[in-house]
Amino acid sequence: MAATAVVWQPRDDGLAEICSLLEQQISPSSVVDKSQIWKQLQHFSQFPDFNNYLVFILVRAEGKSVEVRQAAGLLLKNNLRGAYPSMAQENQKYIKSELLPCLGAADRNIRTTVGTIISVIVNIEGVSGWHELLPALVTCLDSNDLNHMDGAMDALSKICEDIPHVLDTEVPGLTERPINIFLPRLFQFFQSPHASLRKLALGSVNQYIIIMPAALYNSMDKYLQGLFVLANDPVAEVRKLVCAAFVHLTEVLPSSIEPYLRNVMEYMLQVNNDPDEEVCLEACEFWSAYCDAQLPPENLKEFLPGLIPVLLANMAYADDDESLLDAEEDESQPDRDQDLKPRFHTSRLHGSEDFDDDDDDSFNVWNLRKCSAAAIDILSNVFGDEILPAIMPLIQTNLSASGDDAWKQREAAVLALGAISEGCMNGLYPHLSEANDKFPLIRSISCWTLSRFGKYLIQESGNPKGYEQFEKVLMGLLRRLLDTNKRVQEAACSAFATVEEDAAEELVPHLGVILQHLMCAFGKYQRRNLRIVYDAIGTLADSVRGELNKPAYLEILMPPLVAKWQQLSNSDKDLFPLLECFTSISQALGVGFAPFAQPVFQRCMDIIQLQQLAKVDPSSAGAQYDREFIVCSLDLLSGLAEGLGSGIESLVSQSNLRDLLLNCCIDEAPDVRQSAFALMGDLARVFPVYLQPRLLDFLEIASQQLSANLNRENLSVANNACWAIGELAVKVRQEVSPIVAKVVSSLGLILQHGEGVNKALVENSAITLGRLAWIRPDLVAPHMEHFMKPWCMALSMVRDDIEKEDAFRGLCAVVKVNPSGGVSSLVFICQAIASWHEIRSEDVQNEVSQVLNGYKHMLGNSWAECLSALDPPVKDRLARYQV
C-alpha cells in the first residue's frame, strides 16, 4: 500500500501565540510596545514552518477577525519576498496548496491579500514552477461566481502589473502562451455587469501596451472596440483607464488608432471636461502625446476651437489646490522650521556636466492645471501664431474680468500667456505686461510668464524694440522681488534666476540696479526665501563673472553678505546657501575677492575642524555631525583657489589645511571625498608646493579611487580624483612615478568599459592617461596595446584646449617609444588627430606631424591601405600634415 503524504498541521499553542502577537501588533492601543512584538515575530521567522502558520491563519482561522487574518497574510508576503527560494520544498508546496482554494473567499480583503501573495510567488518562480495556478485561475474566471471571478481577476491583475512578461512566455506542458488563454477572457470581462471586474480586466490589458505582445497586437481591433464600449462607463475609474489606454497607444503604437483617430479625438475632447478631475487629467495627457507621436497636425487643427477653451478653463486653480494654502502669507510673518524645504548641495565636479541632475520634484504635484498648461505649450509649438485667433480673445476676456471672484480666471490667463510664449512669441509682443493684481497668485504667475518671455527677448536684444521689451521684463521682475507677499517673492526670485542664466552678459549694463534690488530683498526676506536670494546672487556672479569686480558693485553686494556671515554660528544650517553663494562670488571676482578672503578661509577651516570633531565626539564639539558643512566648506575653498590663483599661498601656507584635506580624501562619504579631490586638484593647479610634504599620500589615496567599485556615487569621486592626479602630475613631473603603473592600469580599464561610466570620467581618464604618458612614456608605452583604441576614441571626443594638448604630448611620446604598439590602432590614432579643429601649440603640431610621417615611413606601401580605411572628412583634416 502506498504511504499517504502527511499534511502539515499547526500546533495549537503555537497558533494561539502567533495570533495573540498579531492581535497586539494591529491593536490601536499605545500601551503595547510594537517594537517588542515585531522583534518576537522576527524571532519566530527563524522557525522553518513559521510561514505555514501564517498561511493557515490567513486561510483557515475562521474564528479570528479579518484584520488578524490579513495581518498574517501581509507578514507572509513580506517573508516570502526574502525567504521563499531557500524554503523547504514541502513548505512551499503547502503554502501554494492553501492559497488557491482561497481565491474565492467570501471576504474581499482576504481575497486581495491572497492575490498579492500569489503575485509575489510568481515573481520569484514564474508560472512554470506552479502547475496548478493557471488552471485554477481559469476555473475561477469561468465560474460565474462573483467572489471567485473577483479573486482570480485580482490575482491576475497583480501579475499583469508586476510581471507582465511571465504570461507572454512559453510554459512547458501548455500548447500556447498563457496570455493567449487569458486575453479573450479579459476582453469578455469588459462587458461584465460588475464594475470591479471591468476595471481589473481593462487595467490588466493596459499593462501590455508597453511590451505589446503578439497576442495583443493581433487582437487590436477587438481591444479598441472594447475601449469604445467602455468609453462612457458610469464608473469614473473605468473611464480613466480608457483614457490611459488611448494615451499609451498613441505613445507606443500610434498607427493602431489612426483608423479611429477622429472618434478618439472627439472622445478625448469630451472627457477632457469630465465631472471627475482624474478622468480629465488622464484625457488631457492625450494632446501632448498626440503632438509627440507626430500624428498629422491638420487633424488636430479643426479641434482647436473646441479644445482651447476647455484647456484654458482647466488651467484655473482648483478649490483644493495645495498652492492656495499660505498664498496670502505676508513677509512680516517669520518662517517656521517646517516651512523650510530640505535642500541638497551638489558637490563640485570637474569635466563634462552630464551627470544626472535630478530636479527635486517631490514638492511639485502634477495636476490638471499643470497638464493643461503643458498641453497648450506644446500646441503653441506645433501651430505657432496660428492658435492665437482661438486663444487670445479668451485670454483678453479673462484678463479684463474684474472683481475678486474672477481672480482665478485672470490668473489662468496670465499662466496661458506664459505657456504659449515659446511657440507664439511674435504674435505676443503687444501683450507683454506685468500683472499688478491685488491677488498674490496672479502676481506670482506673472513672474513665471515674464521669465518665459525673457528668453526670447534676449535673442532679439539686438533690435531696439527687443531691447526695450527686455528692459521692461527685467524691471518688472525686479519690482516683484520687493513684493510684500512671500509667495510672490519666491516666484520673482526663481524667475529672475532663470532670466540671469539666459541673459548672462546682457545683464551687465543693468548690474547696479539689479544688485540694489537683490540686496534690498536680502534685507527684508525671511529664512526660506533668503535661500533663493542667495541662489539668485550666485547665479548672477556665474553669469557676469569679472564684470562684478567693480568697487561700486562690491559696495552694494558685500557688506550685507559679510554682516549675515558674521551673524550665523558655525553649526547653523542657514550657512549652507551663503557658503554656496560666496563660492560663486569668489570665482567671479577672482583676485578682486582678496579683501574678503582671509575671514572666509578661516571660517571654512573652523567649520571643517568642528565637524571632524563632532563626528567622533558631538558633546565636546557642541554640535551634531552634518557632513554637508564639510562639503560646502571644501567647495568654497576650491572657489577661493580658483579665484585667487597663486594668491591663495598667503592663506594656506601657515594653515593645517593639508592634513584636514587628507582626512577628507579618506572619508567614507562619497560627496566629502568628491569635494576633497576637487580641492586637491585646484591646489595642485595654483600652489602645488603646498601638497609636497604629503604628495605620495595624496597620489596614493587618489589612485585608489580609480580601482574602487565604480557605482553611481563613486563615479563622481573617481572623476575628480582622476582629474586631480593629472593636474598634480603636470606640476610635480617625475615625482608621480611611483603611482604611474597602477593608475595607467586603472584608467585603461575605465576606457575599455567607457559605456558603463559617464562622459566626464572617460574624458578625464583620457587626459590624465596622456599627462602620465607625457611625463613617463617609458612606463606607459609597454602597455599601450591594451588601451590604445579606447584611449584614442575618448580623445576624439575631448574639446580643443590645453588639457587635450597635454594628452597628445603623451600620445606622441608613447608612440615614439613603442611605434609597433600603435600599429593595430592606427586608424583610431588618425581619427583622434583629425578631431582637432586647430592645434594652437606649435610643438604639439610638430609632434603630431612626426608621428604621422613616422608611420608613413614605417609602413611603406601599407600606409595607403590605412588611409583608405578613413572617412573622407578625416582624410581632409590629415591633409595638412602632407601625408
Side-chain angles (χ1 to χ4, degrees), residues 55 58-59 73 77 92-108 110-209 211-220 222-223 225-226 229-230 238 241:
V55 79
L58 169 66
V59 172
K77 173 200 75 172
Q92 290 181 348
K93 260 187 172 157
Y94 173 75
I95 289 169
K96 291 194 289 197
S97 68
E98 287 293 292
L99 289 170
L100 292 181
C102 209
L103 277 168
D107 187 284
R108 187 153 206 266
I110 302 294
R111 293 200 298 273
T112 57
T113 306
V114 166
T116 303
I117 298 167
I118 287 173
S119 88
V120 166
I121 295 173
V122 172
N123 206 344
I124 294 166
E125 64 171 21
V127 285
S128 49
W130 191 351
H131 298 300
E132 303 84 359
L133 174 64
L134 298 182
L137 290 174
V138 169
T139 305
C140 289
L141 292 175
D142 295 350
S143 68
N144 252 341
D145 172 78
L146 180 57
N147 289 349
H148 282 83
M149 292 189 295
D150 183 69
M153 266 306 319
D154 181 80
L156 190 58
S157 72
K158 284 166 180 159
I159 292 170
C160 294
E161 186 178 349
D162 298 339
I163 23 180
H165 52 275
V166 301
L167 298 184
D168 187 37
T169 41
E170 305 292 343
V171 176
L174 284 185
T175 53
E176 52 187 339
R177 295 182 172 198
I179 186 133
N180 295 325
I181 299 167
F182 288 112
L183 203 55
R185 290 176 164 84
L186 292 172
F187 288 149
Q188 268 180 313
F189 278 119
F190 283 13
Q191 302 190 28
S192 166
H194 304 288
S196 63
L197 297 179
R198 297 196 301 276
K199 190 181 97 184
L200 289 169
L202 177 52
S204 300
V205 181
N206 284 3
Q207 297 296 337
Y208 284 93
I209 295 175
I211 57 175
M212 196 50 73
L216 182 57
Y217 186 83
N218 296 331
S219 330
M220 189 51 71
K222 191 150 197 195
Y223 180 29
Q225 282 157 17
V229 167
L230 293 171
V238 176
L241 287 167

* Asked: Any side-chain heavy atom of Ile118 sitting closer than 4.5 Å to one from Leu137?
  -> no
* Short side-chain to backbone donor-acceptor contact, Asp150 and Leu146, under 3.5 Å -> no
* Quick check: does any side chain N or O of Arg111 sit under 3.5 Å from a backbone N or O of Gly104, one acting as donor and the other as acceptor? -> no
* Asked: side-chain contact (heavy atoms from CB on, under 4.5 Å) between Val127 and Ile159: does it pass, once the steps are laid out?
  -> CA-CA 10 Å; Val127 285; Ile159 292 170; 5.6 Å; no
* For the atom pair OG (Ser219) and CD (Gln225), what is the distance rounded to the nearest 0.5 Å? -> 11.0 Å
* **side-chain contact (heavy atoms from CB on, under 4.5 Å) between Ser204 and Met153, intermediate numbers included** => CA-CA 9 Å; Ser204 300; Met153 266 306 319; 4.0 Å; yes
* Asked: Atom CG of Leu174 and atom NE2 of His131: how far apart are they, to the nearest 0.5 Å?
  -> 9.5 Å
* Structure fact -> Here the gap from Lys93 atom NZ to Ile95 atom CD1, rounded to the nearest 0.5 Å, amounts to 13.5 Å
* Working to the nearest 0.5 Å, report the span between SG of Cys160 and CD1 of Ile179. => 6.5 Å
* To do: Measure from the side-chain N and O atoms of Thr116 to the backbone N and O of Thr112, and report whether any donor-acceptor pair falls under 3.5 Å.
  => yes
* Structure fact -> dist Asp168:CG -> Leu216:CG (nearest 0.5 Å) comes out at 9.5 Å
* Asked: Which heavy atom in Ile163 sits nearest to a heavy atom in Ser119, and how many Å separate them?
  -> CD1-O, 3.7 Å
* Closest approach of Glu125 to Gly129 (non-hydrogen atoms, all atoms of both residues) -> OE2-O, 3.3 Å
* Structure fact -> Between the CG atom in Leu200 and the NZ atom in Lys158, the distance rounded to the nearest 0.5 Å is 8.5 Å
* Leu230 vs Leu202 side-chain heavy atoms within contact, under 4.5 Å -> yes
* Please test Arg177 against Leu167 for side-chain contact (heavy atoms from CB on, under 4.5 Å), starting from the C-alpha separation and ending with a verdict. => CA-CA 7 Å; Arg177 295 182 172 198; Leu167 298 184; over 6 Å; no
* Asked: Can you name the side-chain contact (heavy atoms from CB on, under 4.5 Å) partners of Val59, sequence neighbours left out?
  -> Val55, Glu98, Cys102
* Using a 4.5 Å cut-off on heavy atoms from C-beta on, say whether the side chain of Leu133 contacts that of Ile121. => no
* **Minimal non-hydrogen separation, Leu58 against Gly73, with atom names** => CD2-CA, 4.1 Å
* Asked: Taking C-beta and beyond as the side chain, do Met220 and Met212 meet within less than 4.5 Å on heavy atoms?
  -> yes
* Structure fact -> Taking every heavy atom of Pro178 against every heavy atom of Leu134, the minimum-distance pair comes out as CG-CD1, 3.9 Å
* Asked: Does any pair with a residue in residues 170-195 pass ring pair (Phe, Tyr, Trp, His ring centres under 6.0 Å), and if so which ones, sequence neighbours excluded?
  -> Phe187-Phe190
* Asked: Do Leu100 and Leu103 have side-chain heavy atoms sitting under 4.5 Å apart?
  -> yes
* **Residue list, side-chain hydrogen bond (donor to acceptor under 3.5 Å, both in side chains) with Tyr208, at least two apart or on another chain** => none
